[in-house]
Number of protein chains: 4
Amino acid sequence: MNFSENQSIYLQITEFVKEQILLDKWKKEEKIPSVRDLASELQVNPNTVMHAYELLQQQGVIYNKRGLGNYVSDDAGEKIFSERKERFLKSELPATFRTMHLLGISIEELESRFKSFLYENHKK
Amino acid sequence: MNFSENQSIYLQITEFVKEQILLDKWKKEEKIPSVRDLASELQVNPNTVMHAYELLQQQGVIYNKRGLGNYVSDDAGEKIFSERKERFLKSELPATFRTMHLLGISIEELESRFKSFLYENHKK
Amino acid sequence: MNFSENQSIYLQITEFVKEQILLDKWKKEEKIPSVRDLASELQVNPNTVMHAYELLQQQGVIYNKRGLGNYVSDDAGEKIFSERKERFLKSELPATFRTMHLLGISIEELESRFKSFLYENHKK
Amino acid sequence: MNFSENQSIYLQITEFVKEQILLDKWKKEEKIPSVRDLASELQVNPNTVMHAYELLQQQGVIYNKRGLGNYVSDDAGEKIFSERKERFLKSELPATFRTMHLLGISIEELESRFKSFLYENHKK
DNA sequence: GTGGTCTAGACCACC
DNA sequence: GTGGTCTAGACCACA
C-alpha cells in the first residue's frame with residue numbers, strides 16, 4: 001500500500017480498515033488481522049497500526065476480545081456509511097463544486113469523466 | 001480570517017494569497033501587502049506570513065523587490081490555475097468518484113446537487 | 001564549524017550538507033543527523049537547521065520519513081554535482097576570466113598556481 | 001545594467017564604478033556622473049547610488065568637491081588594482097581551484113575555455 | 001525519539 | 001518603510 005504524504009499514516013490505516021468493511025471484505029463479527037500482521041503487510045511500525053486500531057475502537061467500528069484479537073462491530077457498516085456520506089455531502093462535495101466553478105469545469109465534462117472512471121473501474 | 005485546524009496556518013496563507021490572485025483581487029506586477037501588514041491583519045506572527053511568502057517565492061507566484069516589498073509575478077495566474085487544475089483532475093476528482101461509487105451516489109444526483117449549488121451561488 | 005559573515009547561516013548549512021554528500025561522507029538512503037543534533041553540534045538554534053533542511057527537501061537532496069528523520073535522496077549526489085557544475089561554468093568561471101583579463105593575469109600564471117595548489121592539497 | 005540577486009545593489013554599483021576606473025573610462029581627477037544621473041541611468045533609487053558613493057569616498061576611490069560633484073582620486077587606479085588582485089589571489093582563486101578539484105575539471109579544459117573566452121571578448 | 005509549527009522579540013541590511 | 005535572519009522557548013503529531 002502506498003501512503004499519501006499529506007495525511008498521517010495511522011489515519012490512512014483507519015480509512016483502509018473502514019473501506020474493507022464497507023466493501024464487505026471484512027465482515028461483521030469477524031476477526032480482523034492482528035496488529036503485527038497488518039503492520040508487516042503494510043510495512044509500517046506496529047505502534048502505528050496500534051494507534052489506528054485504538055481510534056477505531058473509540059469510534060465503535062471494531063471491538064477487542066482480550067487475548068483473541070479485534071472484531072468488526074455489528075453495526076460497523078451502517079456507522080461508517082452514514083458518517084462517510086455526511087462528510088461527503090456536507091464538506092467534500094461543496095469544495096469540489098467550488099473548485100469546478102473556479103476552474104470553469106462544466107457538469108457535462110464531469111459526467112463524461114465519471115463514465116470513463118466507471119469503465120476503467122469495471123475492467124479491473 | 002478563520003484558520004482551519006487541519007492545516008498549518010502558513011499553508012492556509014499561501015492558499016489565501018493564491019485565491020486573491022486567481023480572483024484578480026491582487027493583480028499581476030502589483031505589490032501585495034507587506035509581511036507586517038498581512039500579519040497584523042490576519043492576527044498571526046510576522047514570521048508565519050514570512051514563511052508563506054518564502055514558499056510563494058519559490059513557487060514563482062510572487063517575487064521580491066529589495067527594500068520595496070513583494071509583487072505578483074507576471075504569470076502567477078496561469079501557474080496557479082494549471083497547478084490547481086492538475087491537482088483537481090489527477091487527485092481530487094478520482095477520490096470523489098471513488099467515494100460516490102462506494103456510497104452508491106449516482107451521477108444524476110450529483111448533477112442536481114451541482115445545479116442547486118450554482119443557484120445558491122448565483123443568488124449571493 | 002565557523003560561519004562566514006557574508007552569508008546566512010542556514011544557507012551555509014545547506015552547503016555543508018551538500019558537501020558531506022558530495023564527499024560521500026553521508027551516503028545515499030542513509031539517515032542524516034537529526035535537527036536537534038546538528039543544531040547542538042553547530043551551536044545554532046534548531047530552527048536554523050530546520051530552515052536549511054526544509055530547503056534541502058524542496059531541492060530534492062534529502063527526504064523525510066515521518067517520525068524517523070531525514071535521509072539522503074537516491075540521486076542527491078548527481079543533483080548536487082550537476083547544479084554545482086552548472087553554476088561554476090556559467091557564472092563563477094566567466095567572472096574569474098573577466099577578473100584575470102582586468103588584472104592582466106595570464107593563463108600560464110594560473111596554470112602554475114593551480115599546480116602548486118594541487119601539490120599543497122596532495123601533501124595533506 | 002542588470003543586477004545580480006545575490007548581492008546588494010549598492011555594492012554592485014561600487015564595483016561598477018571601480019571597473020570604469022580600472023578600464024580607464026573614468027579617468028583620474030575627472031568628474032564622475034552625479035548621484036541623480038547615475039541613478040536614473042541605472043534605474044535605481046538615488047539613495048542607493050548615494051550609499052555607493054559614500055562607500056567609495058571612505059575607501060578613497062573618489063572624493064567630493066562641495067557643490068561640484070565627485071571626482072576620481074589621483075591614486076584610485078592603483079588602489080583598486082592592488083585591492084582586487086589581493087582578493088583574487090587570496091580568496092577567489094583558491095575557491096575556484098577547490099571547485100575544479102571537486103568537479104574534476106582539468107587545467108587543460110580550463111585553458112581551452114579561457115581561450116574561447118578571450119576570442120568572444122575580442123569580437124565585441 | 002523524530003520533524004514541524006508558531007510566537008515573541010530582537011537585530012540587520014536595504015531602499 | 002521593506003524583507004530577512006536568528007534566538008529562545010513552547011507545543012504538537014507522529015513512529
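Reckoned from all heavy atoms, side chains included, excluding hydrogens, waters and symmetry mates. Because the structure is a prediction, the values reported are computed rather than measured. Here is the naming used below: chain letters follow the sequence lines, and residue numbers restart at 1 for every chain.
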So does C:Thr48 get a side-chain nitrogen or oxygen closer than 4.0 Å to the phosphate oxygens (OP1/OP2) of F:dT5?
no
Could you tell me how far apart C:Glu5 (CD) and F:dG4 (C1') are, to the nearest whole angstrom?
16 Å
Closer than 4.0 angstrom, basic N to acidic O: yes or no for A:Lys18 and A:Glu83?
yes
Report yes if at least one side-chain N or O of C:Asn70 is closer than 4.0 Å to OP1 or OP2 of E:dG3; otherwise report no.
yes
With nearest nucleotide decided by heavy atoms, which residue, B:Gln43 or D:Asn47, maps closer to the 5′ end of DNA chain E?
B:Gln43
Look at A:Ser8 and F:dA13 and indicate whether a side-chain polar atom (N or O) is within less than 4.0 Å of OP1 or OP2.
no
Any-strand Watson-Crick or G-U partner of F:dC14, both distances under 3.5 Å:
E:dG1
How long is the line joining CG of D:Leu42 and P of E:dC14, in whole Å?
17 Å
Assign each of D:Gln7 and C:Lys65 the nucleotide of DNA chain E bearing its closest heavy atom; nearer the 5' end lies the nucleotide of C:Lys65
For the pair made of CE in B:Met50 and C1' in E:dT5, what is the distance, rounded to whole Å?
16 Å
B:Leu68 CG to F:dG1 P, straight-line distance once rounded to whole Å
14 Å
Proximal nucleotide (of E:dC15, F:dT2, F:dC6) relative to the B:Asp37 side chain
F:dT2
Closest to the side chain of B:Tyr10, out of F:dG3, E:dT7, E:dT5, is E:dT5
For C:Gln58 and C:Tyr53, which I'm curious about, is there any donor-acceptor pair between the side chains at under 3.5 Å?
no
Separation of C:Asn64 atom CG from E:dG3 atom C1', in whole Å?
6 Å
B:Gln43, CD: over 12 other non-hydrogen atoms inside 6.0 angstrom:
no
What nucleic acid atoms does C:Gln57 come within less than 4.0 Å of, heavy atoms only: base, sugar-phosphate, or nothing?
sugar-phosphate
Decide whether D:Tyr10 and D:Glu15 meet the rule of one side-chain donor and one side-chain acceptor closer than 3.5 Å.
no
Testing E:dG4, F:dT5, E:dC14 for proximity to the side chain of B:Arg66, the answer is E:dC14
Taking the side chain of B:Ser34 as its heavy atoms from C-beta onward, which of F:dT2, E:dG4, F:dC6 lies nearest to it?
F:dT2
5′-ward residue of the pair C:Pro46/A:Asn45 relative to DNA chain F:
C:Pro46
A:Lys79 and A:Gln59: side chain to side chain donor-acceptor pair (under 3.5 Å), yes or no, with the steps?
CA-CA 9 Å; A:Lys79 251 187 195 156; A:Gln59 296 177 344; over 6 Å; no
May I ask you to verify whether the side chain of B:Arg36 and the base of F:dG3 hold a donor-acceptor pair under 3.5 Å?
yes
Tell me which one of A:Arg87, A:Arg98, A:Lys85 satisfies salt bridge (Lys or Arg N to Asp or Glu O under 4.0 Å) with A:Glu92.
A:Arg87
Measure CD/D:Gln12 against P/E:dC14 and give the value in whole Å, please.
11 Å
Would you mind reading off the distance between B:His51 atom NE2 and F:dC6 atom P, rounded to a whole angstrom?
14 Å
Just the rounded figure in Å: distance from P of E:dG1 to CG of C:Leu38.
17 Å
